[in-house]
Undergrad: 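Mind looking over this structure? Questions follow.
Lettering of chains follows the sequences in order, A, B, ..., and the numbering in each one begins at 1.
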Protein chains: 2
Amino acid sequence: MVKEKLVDAGLKATHQRIVILDMIICSKNHPSAEAIFDALKDHYPSLSLATVYSTLETFVNNKLINKVLVKDGAMRYDAHTDSHNHIYCTNTNEIIDFEDHELQQLITDFFLKKNIENLDIKDITLHIQGEKINKRKQIKIN
Amino acid sequence: MVKEKLVDAGLKATHQRIVILDMIICSKNHPSAEAIFDALKDHYPSLSLATVYSTLETFVNNKLINKVLVKDGAMRYDAHTDSHNHIYCTNTNEIIDFEDHELQQLITDFFLKKNIENLDIKDITLHIQGEKINKRKQIKIN
DNA sequence: CTATTTGCAAATAATTTGCAGCTGG
DNA sequence: CCAGCTGCAAATTATTTGCAAATAG
């Protein structure tokens with residue numbers, strides 16, 4: 001439950017935080033601050049965009065969410081905090097999660113073999129950039 | 001030679017473009033527009049920051065350079081246009097190129113085996129995030 | 001020459017900040 | 001109650017734009 005996640009992270013479970021975190025978790029789209037604000041403002045008219053920004057910063061600092069790398073436009077956020085990969089659709093502007101245990105293992109094994117001096121690796125992510133062939137359809141991986 | 005690269009790309013070889021492209025190619029640091037401007041303004045006082053920005057856009061559109069994904073702060077640029085990986089140092093804010101043929105092959109092979117529907121993959125990049133243990137020393141990979 | 005490019009200053013977009021009032025525990 | 005949060009408006013940062021002057025080919 002969202003409220004418990006906040007409390008577990010040592011944060012006050014305010015109404016705004018609950019609603020924002022819930023929205024990110026439910027969203028499959030890696031929303032931007034604006035997108036979150038837009039999605040919530042009708043239901044919570046007193047919510048302010050500045051609160052959304054600062055709440056997102058708080059969540060990132062407390063490892064409830066992660067920032068997603070972007071080439072331009074607004075920063076986007078991801079409630080999926082374990083290591084995984086992203087597919088960037090250049091024609092739809094979607095950022096889609098892509099998890100594959102075999103691939104993760106392949107990469108982990110590769111870096112275990114390598115001898116890397118003076119770097120403490122925290123995370124490795126694969127960024128797959130491409131175009132949806134049919135913008136309306138989903139991407140399917142078998 | 002830089003001038004030829006510009007002409008080959010179908011661009012007029014203006015003084016500003018030559019100097020900017022040369023700076024990015026020589027820089028090992030994936031500079032931002034500001035960093036480029038700061039590095040050049042003493043030698044070329046008439047250069048304007050807006051020109052740097054628009055020149056960078058032109059270069060990206062003509063595939064002379066690439067944008068580098070960033071979590072925050074200003075966009076950064078890379079003159080290294082073939083597919084390669086980046087190491088992000090969270091404590092020094094450096095972005096370091098990392099090329100490894102074996103790794104590239106591993107990943108390429110993996111995606112060849114996979115059956116991905118409705119996505120036309122344009123590029124795959126690995127983003128390695130970590131901290132330099134000794135900020136002054138280089139990262140060495142053997 | 002003349003189509004492009006550049007420089008400037010002003011505009012916009014994304015994000016942050018300061019501070020007074022509100023609220024969860 | 002009261003430390004920490006929120007909302008607002010104003011500030012800051014990164015980037016873009018409009019237009020007149022400069023320039024490469």
Undergrad: Does A:E99, at its CD atom, have more than 12 non-hydrogen atoms belonging to other residues, nucleotides or ligands within less than 6.0 Å?
TA: yes
Undergrad: Starting from B:V68 and following side-chain heavy-atom contacts under 4.5 Å between hydrophobic residues (I, L, V, M, F, W, Y), which residues can be reached?
TA: A:V68, A:L69, A:V70, A:Y88, A:I95, B:L69, B:V70, B:Y88, B:I95
Undergrad: For A:I20 versus A:L47, what's the shortest heavy-atom pair and its separation?
TA: CD1-CD1, 4.3 Å
Undergrad: Could you check which residues of residues 6-37 of chain A get a heavy atom under 4.0 Å from DNA chain D? Sort them by number, please.
TA: A:K12, A:T14, A:Q16, A:R17
Undergrad: Please report the distance, rounded to the nearest Å, between CG in A:L49 and C1' in C:dA14.
TA: 9 Å
Undergrad: Hey, can you pull the residues of residues 38-46 of chain B with a non-hydrogen atom under 4.0 angstrom from DNA chain C?
TA: B:S46
Undergrad: In chain order, what residues pass the side-chain contact (heavy atoms from CB on, under 4.5 Å) check against B:D100, with sequence neighbours excluded?
TA: A:F110, A:K114, B:F98, B:E102, B:L103
Undergrad: Report for the helix from C:dC1-D:dG25 to C:dG25-D:dC1: angle between first-end and last-end helix axes, five pairs each, rounded to 10 degrees.
TA: 40°
Undergrad: Should A:K122 and A:D120 count as an ion pair when the cut-off is N to O under 4.0 Å?
TA: yes
Undergrad: Output yes when at least one side-chain N/O atom of A:Y53 is less than 4.0 Å from OP1 or OP2 of C:dT16, else no.
TA: no
Undergrad: Please give me every residue in residues 54-66 of chain A whose heavy atoms get under 4.0 Å of an atom in DNA chain C, ordered by residue number.
TA: none
Undergrad: Indicate if B:L64 and B:V7 have the same hydrophobic cluster label, given that clusters are the connected sets of ILVMFWY residues with side-chain heavy-atom separations under 4.5 angstrom.
TA: no
Undergrad: Among the clusters formed by ILVMFWY side chains lying less than 4.5 Å apart, do B:I25 and B:L40 turn up in the same one?
TA: yes
Undergrad: At a heavy-atom distance below 4.0 Å, which nucleotide of DNA chain D is the first touched by chain A, and which is the last?
TA: D:dA3 to D:dA9
Undergrad: Return each pair, listed once, that meets ring pair (Phe, Tyr, Trp, His ring centres under 6.0 Å) where at least one residue sits in residues 17-37 of chain A; pairs must be two or more places apart or across chains.
TA: A:H30-A:H86
Undergrad: Has the side chain of A:N29 got a donor or acceptor atom that lies under 3.5 Å from a matching backbone atom of A:P31?
TA: no
Undergrad: Quick one: salt bridge (charged side-chain N to carboxylate O under 4.0 Å, His left out) partners of A:E34, sequence neighbours excluded?
TA: none
Undergrad: Could you see if A:I121 belongs to whatever hydrophobic cluster contains B:L126? Use Ile, Leu, Val, Met, Phe, Trp, Tyr and a side-chain cutoff under 4.5 Å.
TA: yes
Undergrad: Quick one: salt bridge (charged side-chain N to carboxylate O under 4.0 Å, His left out) partners of A:K5, sequence neighbours excluded?
TA: none
Undergrad: Can B:K132 and B:E94 be counted as an ion pair, charged N to O under 4.0 angstrom?
TA: yes
Undergrad: Which side-chain hydrogen bond (donor to acceptor under 3.5 Å, both in side chains) pairs, counting each pair once, include a residue from residues 41-53 of chain A, with sequence neighbours left out?
TA: A:D38-A:K41
Undergrad: Which other residues belong to the hydrophobic cluster containing A:M1, where Ile, Leu, Val, Met, Phe, Trp and Tyr are joined when side-chain heavy atoms lie under 4.5 Å apart, directly or via other members?
TA: none
Undergrad: Look at all strands and tell whether A:A74 reaches a base, only sugar-phosphate, or nothing, counting heavy atoms closer than 4.0 Å.
TA: sugar-phosphate
